[in-house]
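Beneath this line is the structure, given in structure tokens, with notes to follow.
Sequence lines set the chain letters: A, B, ... in the order given, protein chains first and strands last, and positions in each chain run from 1. Below, all heavy atoms of this structure are taken into account, side chains as well, without hydrogens, waters or symmetry copies.
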Number of protein chains: 4
Amino acid sequence: MGASKTPSDRSTPPQSPRKQERRNRDNSVMKEAIAIMAEKGYAATSIQEVADRVGVLKGSLYHYFNSKEELLFRILEESYLQMNAIEAEVDELELPPFDALLEQIRRSSVWFLQNQERAHIFFTETKHLTDDRLTQAREWGRAFERRLSSLIVAGQEAGSIRSDVDQRLLTRFTIGAINNIRFWPSRPGGKQFTVDDLTDGVVLLVGDALKS
Amino acid sequence: MGASKTPSDRSTPPQSPRKQERRNRDNSVMKEAIAIMAEKGYAATSIQEVADRVGVLKGSLYHYFNSKEELLFRILEESYLQMNAIEAEVDELELPPFDALLEQIRRSSVWFLQNQERAHIFFTETKHLTDDRLTQAREWGRAFERRLSSLIVAGQEAGSIRSDVDQRLLTRFTIGAINNIRFWPSRPGGKQFTVDDLTDGVVLLVGDALKS
Amino acid sequence: MGASKTPSDRSTPPQSPRKQERRNRDNSVMKEAIAIMAEKGYAATSIQEVADRVGVLKGSLYHYFNSKEELLFRILEESYLQMNAIEAEVDELELPPFDALLEQIRRSSVWFLQNQERAHIFFTETKHLTDDRLTQAREWGRAFERRLSSLIVAGQEAGSIRSDVDQRLLTRFTIGAINNIRFWPSRPGGKQFTVDDLTDGVVLLVGDALKS
Amino acid sequence: MGASKTPSDRSTPPQSPRKQERRNRDNSVMKEAIAIMAEKGYAATSIQEVADRVGVLKGSLYHYFNSKEELLFRILEESYLQMNAIEAEVDELELPPFDALLEQIRRSSVWFLQNQERAHIFFTETKHLTDDRLTQAREWGRAFERRLSSLIVAGQEAGSIRSDVDQRLLTRFTIGAINNIRFWPSRPGGKQFTVDDLTDGVVLLVGDALKS
DNA sequence: GATGAATGAGAATTCATTCAT
DNA sequence: GATGAATGAATTCTCATTCAT
């Protein structure tokens, strides 16, 4: 009956020196869910599939989250927290606006490149949340935008950023450039670029586009 | 229009002075499908919902397409054909590379802004195709990239486009900027930008970023 | 795979004498659902089971209702409407209060005995409704109670019904007697009582209990 | 109230000062299970919910019972034992049949009113038992009926209870009246009745209905 | 072309129960 | 006794698709 299961099959270790093997599924659940959702999108991702990859029955996954939507929310939240931490780091550098903006672009880009799947989900799947979760996640996005916007406005006031283009357009242009960097490494074949190659690229290009 | 279900349908015109109704239905199917898929994504869009909006029963939709995937493919194909037509128009102008690139950006942006939903689906839902349809749609995207790439390379050779950044990065940067313009008008409140405002913006910014 | 559809396949049945066999499932669905829910209770009744008895796949049942709860509501609603019609009939007789009450008891009892399953569900499963449906169903019950109550009060005022017991107790006692009649025929073995035997019984007993 | 509960069951506690904690948990399990099952019904009651209210994890509950069905059985059994004790008390009074019957009604009613939830479960959820447990619980119900029946028959023979109605109908009428008293206090608003008000009511009404 | 009942597969979720720790 | 992860089966509901009429 059942499909093997026999988790107690061990027989080798007599006492029990490692009491793991249980808990860390939580990480595994997040990891697999992120991988599948990034590839197929939230709606096309089935709990079954996540369970298969984690190696548990689908019902068991509900020990780790209460609903598929909550799982998505957690993924989004983690991403937000990490991106938020990056903002805080840049703040501490107390750079002048334009430099802060470029530093923010650089660090965000690095994070996006190192967390392509998370980043993709963040920009793509928020719409599947509902109610409070949707409200909150949208607020995260807005906060990110507000922040870039205020750096840009400050740069314009300081004269380091061009003023012949409306700050809202500059902001969206910049956000777009950052968001899109997650697609840059995609096409394999041909020599790969390093993360630094890519980030240097965006920073340079966006910098030249925005400077006054 | 709204509800009702075409009450004028039966009995009156014997021959066929209204071949248009058929056409209209067909257009209506595409239109509603685009609206819903842009909003919710392909996977979360149900045929039922499209049928409701069109005002037909679910089963009847299969007179207009053979499968949901084919419907998606048709949407994508239409978009591709229109974007392709734009490329052809730009070609006919026989401009020097950099100018051709900027003109291409401008016209693509206009199209993206006027067809936000289509554009969104194009960049977002291709992954849900399978087999031949997937292969073909991917090829469309690659062709678009190749074309921009060749303009950029030509511009670099002509000295009008910067050469201190790898052409592949310049290409992706440019594509990203175009793709992202579909999000620019989003936030309502505050004065709206016209399509021209926005296109002038991208062209200016990308131009300044790429010029040598 | 794709294509096909073969719309010209028809050819076999020329006229088609019997066009039934399809629609009347609706009655069948209600009937089987009532039987099972009366026996096991709403919560322990599975859609699967209903489908099995109706002879369709479970998914197909959703052509007949939108949710299990709606199915329950429909059963309850039908019962309510029938019981309501009985009240109206009694009203038309324009009897003095006590006689009206007894007539109401008699006719309700007949209905309860002839619709034991429905009646049982009505008194037992309302609690599984939610929101608006719950509110409405509760209101039905309250209306039934209010009506009996007003007949009893009128009887008290007319002197035909005892006044040494609070009318609310008389009302509940009467409702209880009616509700419980659905259990009277239960135990088989021994000679069965006819519906008339049983109704004569309740009317007589409740009448003697209430008369002044 | 209370009564029995068989506190002397297990081997007289040896030492252990806070053996009560255990007892309390056990009581708490019964108490919460009764509350939830009375409200939602057995089938709609989840072990999870009981555990939540008790303040233990789901799995831990299985120290207190072997299965959900056994839990139900225990609830039913407790009720039966208490009702049985009431019968015994009435027996000891050695009253003439009709008086014994009324006394039985009175005391049963008091118990039902003071144990509404238990009583409700008793009359409502027995059907969810299976096999031996079902057989036994049904026997309890039948014994209760048999007893009332024999009092009624004796009353008829003694001439104190009416003989113009078949004793089986009188029995069911009486049982119904007792069973239903658990619903009498329901509707709040307006002045509440005391337990005595209510019991006096049933006894009076049933008495008048049955007397010869 | 349109209808609408039916299919069959699969979705998310719940749940009683077990068991090693 | 208690924990909590896991099971395995079942449950409600959804959906793309078919097809006789």
Notebook entry, point to check: Tell me, which stems hold DNA chain E, with a stem being 3 or more Watson-Crick or G-U pairs in a row and both distances under 3.5 Å?
Noted result: E:2-21 with F:2-21
Note to self: Base, sugar-phosphate or nothing for D:Leu57? Non-hydrogen atoms, less than 4.0 Å.
What the structure shows: base
Notebook entry, point to check: Which nucleotide in the set E:dT3, F:dA2, F:dT11 lies at the smallest distance from any side-chain heavy atom of B:Val56?
Noted result: E:dT3
Notebook entry, point to check: Which nucleotide in the list F:dA6, E:dT3, E:dA6 gets nearest to the side chain of D:Lys58?
Noted result: F:dA6
For [X] versus [Y], what's the shortest heavy-atom pair and its separation?
X        : Y       : result
C:His128 : C:Ala43 : NE2-CB, 4.1 Å
A:His120 : A:Ala38 : CD2-O, 3.5 Å
B:Ala33  : B:Leu71 : CB-CD2, 3.8 Å

Grab the [atom1]-[atom2] distance between [X] and [N] for me, whole Å please.
X       : N      : atom1 : atom2 : answer
B:Asp26 : E:dA2  : CG    : C1'   : 15 Å
A:Arg25 : E:dA20 : CZ    : P     : 16 Å
D:Phe65 : F:dA2  : CZ    : C1'   : 14 Å
D:His63 : E:dC19 : NE2   : C1'   : 10 Å
D:Tyr64 : E:dT17 : OH    : C1'   : 17 Å
C:Tyr62 : E:dG10 : OH    : C1'   : 14 Å
C:Glu49 : F:dA9  : CD    : C1'   : 16 Å
C:Asp52 : F:dT12 : CG    : P     : 12 Å

Note to self: Return whichever of C:Gly59 or D:Ser60 has its heavy-atom-nearest nucleotide of DNA chain E closer to the 5' end.
What the structure shows: C:Gly59
Margin query: On DNA chain E, does the nearest nucleotide to D:Tyr42 precede the nearest nucleotide to A:Ala43 from the 5' side, or the other way round? Give the residue.
Written below: A:Ala43
Check: Applying salt bridge (charged side-chain N to carboxylate O under 4.0 Å, His left out), which residue pairs with at least one partner in residues 55-69 of chain B are found, sequence neighbours left out?
Finding: B:Glu69-B:Arg133
Notebook entry, point to check: Applying salt bridge (charged side-chain N to carboxylate O under 4.0 Å, His left out), which residue pairs with at least one partner in residues 28-39 of chain A are found, sequence neighbours left out?
Noted result: A:Glu32-A:Arg53
Check: How about C:Ile75 and C:Phe65: do any of their side-chain heavy atoms sit closer than 4.5 Å?
Finding: no
Item checked: Pairing residues for C:Thr45 by the side-chain contact (heavy atoms from CB on, under 4.5 Å) criterion, not counting sequence neighbours -> C:Ile36, C:Met37, C:Lys40, C:Val50
Notebook entry, point to check: Sequence neighbours excluded, which residues qualify as side-chain contact (heavy atoms from CB on, under 4.5 Å) partners of D:Leu134?
Noted result: D:Thr126, D:Leu129, D:Arg138
Item checked: Presence of salt bridge, A:Glu78 and A:Arg74, under 4.0 angstrom -> no
Margin query: Tell me which residues in residues 67-79 of chain A lie within less than 4.0 Å of DNA chain E, going by non-hydrogen atoms.
Written below: A:Ser67, A:Lys68
